[in-house]
Peer 1: 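One structure, pasted below without further comment.
Given the structure is predicted, the values throughout are model-derived calculations rather than measurements. Each ligand, and each atom within it, is numbered from 1 in the order the structure gives. Hydrogens, waters and symmetry mates play no part in the numbers below; they use all other heavy atoms, side chains included.
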Amino acid sequence: MKQAKKLPLTSQCHHWTRLAEVPWDLQKYWQQRYTIFPYYNDGIYMTEAAWYGVTPEPVATRIAHDLASVVSPSKATVVDLFGGVGANAISLALATCEDGETPRWSKVIAIELDAPTLACAQHNASLYGVAEDIVWVLGDSFKYLQLLLNDPDKLGPELRVDTASTVLFASPPWGGPGYKTDEIFDLNTMEPYNLTQLHRAYRAMDHALYLPRTSDLRQIAKLAPAGTKIEVVQYCVEGASKAMVAYIPAAKDEDDNQDT
Ligand SMILES: C[S@@+](CC[C@H](N)C(=O)[O-])C[C@H]1O[C@@H](n2cnc3c(N)ncnc32)[C@H](O)[C@@H]1O
């Protein structure tokens, strides 16, 4: 697995400027385009699927700020495991230390499975001037972590990072029955990756999970390694929660034989 080159925008990548261009089922999302990307008119590109899962920029900015303060300053690398069209990766790359100038992260890696979506992310990051500051990967982030932890020589040099100083950010797809309708969302019904799968893959490192706002807090609480606590933050836009993020510390060695 290696760093991706700059990918071309394809016919699946769109910058819609008129309602008439927008498929009917996406029109309500497009109407919120300036909440999602305040600089949409600068030429933001999206795939159709991306409209359902993109993190609104004000939320992504706040998460980037909170992640920096929740984890130890010794953490230097952040990996966005579900890069999408780049909202979180861009905010992470723009995050600075308290001096307002020094980048908070020495390295930002963004991994995305779908080539047109990654092309949108690279293009959008270029509008914010950070495309060159992000190491882009076209591929499966579970495979990446498996190689990083077990077989790092199979990764390109840009992707071989010190796991002790790396933080993971995951905004997985929220498919599955019930996330929009259930009062409390059972995270083990989330598709295609449920909470148990995500946690098994991420538990060795500090990680932040971007989850539906109604997610079952009892399931999240069980992920806390012994003697630690998990911070959970609801992120609101105009008074309504868009999502919650659970900030989960790395498991210690003695937690390794606990099954979650
Ligand atoms: C909810 S979206 C992420 C949105 C992103 N945070 C943003 O603001 O644009 C989930 C993304 O994960 C991608 N994805 C799904 N499975 C993946 C995997 N195993 N590895 C990497 N990306 C994956 C999907 O193609 C989709 O673009």
Peer 1: Just by distance, with hydrogens left out, do Asn41 and Tyr34 show a side-chain donor and acceptor under 3.5 Å apart?
Peer 2: yes
Peer 1: List of N/O pairs, ligand 1 versus protein, all under 3.5 Å?
Peer 2:
{"unit_1": "ligand 1", "atom_1": "6 (N)", "unit_2": "Asn88", "atom_2": "OD1", "d": "2.8"}
{"unit_1": "ligand 1", "atom_1": "6 (N)", "unit_2": "Ser171", "atom_2": "OG", "d": "2.8"}
{"unit_1": "ligand 1", "atom_1": "8 (O)", "unit_2": "Thr55", "atom_2": "N", "d": "3.0"}
{"unit_1": "ligand 1", "atom_1": "9 (O)", "unit_2": "Val85", "atom_2": "N", "d": "2.9"}
{"unit_1": "ligand 1", "atom_1": "16 (N)", "unit_2": "Tyr193", "atom_2": "OH", "d": "2.7"}
{"unit_1": "ligand 1", "atom_1": "19 (N)", "unit_2": "Asp140", "atom_2": "OD1", "d": "3.0"}
{"unit_1": "ligand 1", "atom_1": "19 (N)", "unit_2": "Tyr193", "atom_2": "OH", "d": "3.0"}
{"unit_1": "ligand 1", "atom_1": "20 (N)", "unit_2": "Ser141", "atom_2": "N", "d": "3.0"}
{"unit_1": "ligand 1", "atom_1": "20 (N)", "unit_2": "Ser141", "atom_2": "OG", "d": "3.2"}
{"unit_1": "ligand 1", "atom_1": "22 (N)", "unit_2": "Leu113", "atom_2": "N", "d": "3.3"}
{"unit_1": "ligand 1", "atom_1": "25 (O)", "unit_2": "Glu112", "atom_2": "OE2", "d": "2.6"}
{"unit_1": "ligand 1", "atom_1": "27 (O)", "unit_2": "Glu112", "atom_2": "OE1", "d": "2.8"}
{"unit_1": "ligand 1", "atom_1": "27 (O)", "unit_2": "Glu112", "atom_2": "OE2", "d": "3.3"}

Peer 1: Identify each donor-acceptor pair in which a side-chain atom of residues 1-10 lies under 3.5 Å from a protein atom, sequence neighbours left out, and give them as a table.
Peer 2:
{"unit_1": "Thr10", "atom_1": "OG1", "unit_2": "Gln12", "atom_2": "N", "d": "3.1"}

Peer 1: Do Tyr40 and Asn124 have side-chain N/O donor and acceptor atoms under 3.5 Å apart?
Peer 2: no
Peer 1: From Ile134 CD1 over to Leu92 CG, what is the distance, rounded to the nearest 0.5 angstrom?
Peer 2: 8.0 Å
Peer 1: List for me each residue that meets side-chain hydrogen bond (donor to acceptor under 3.5 Å, both in side chains) alongside Arg33, sequence neighbours excluded, and say none if there are none.
Peer 2: none
Peer 1: Quick one: list whatever passes ring pair (Phe, Tyr, Trp, His ring centres under 6.0 Å) with Tyr210, sequence neighbours left out.
Peer 2: Trp174
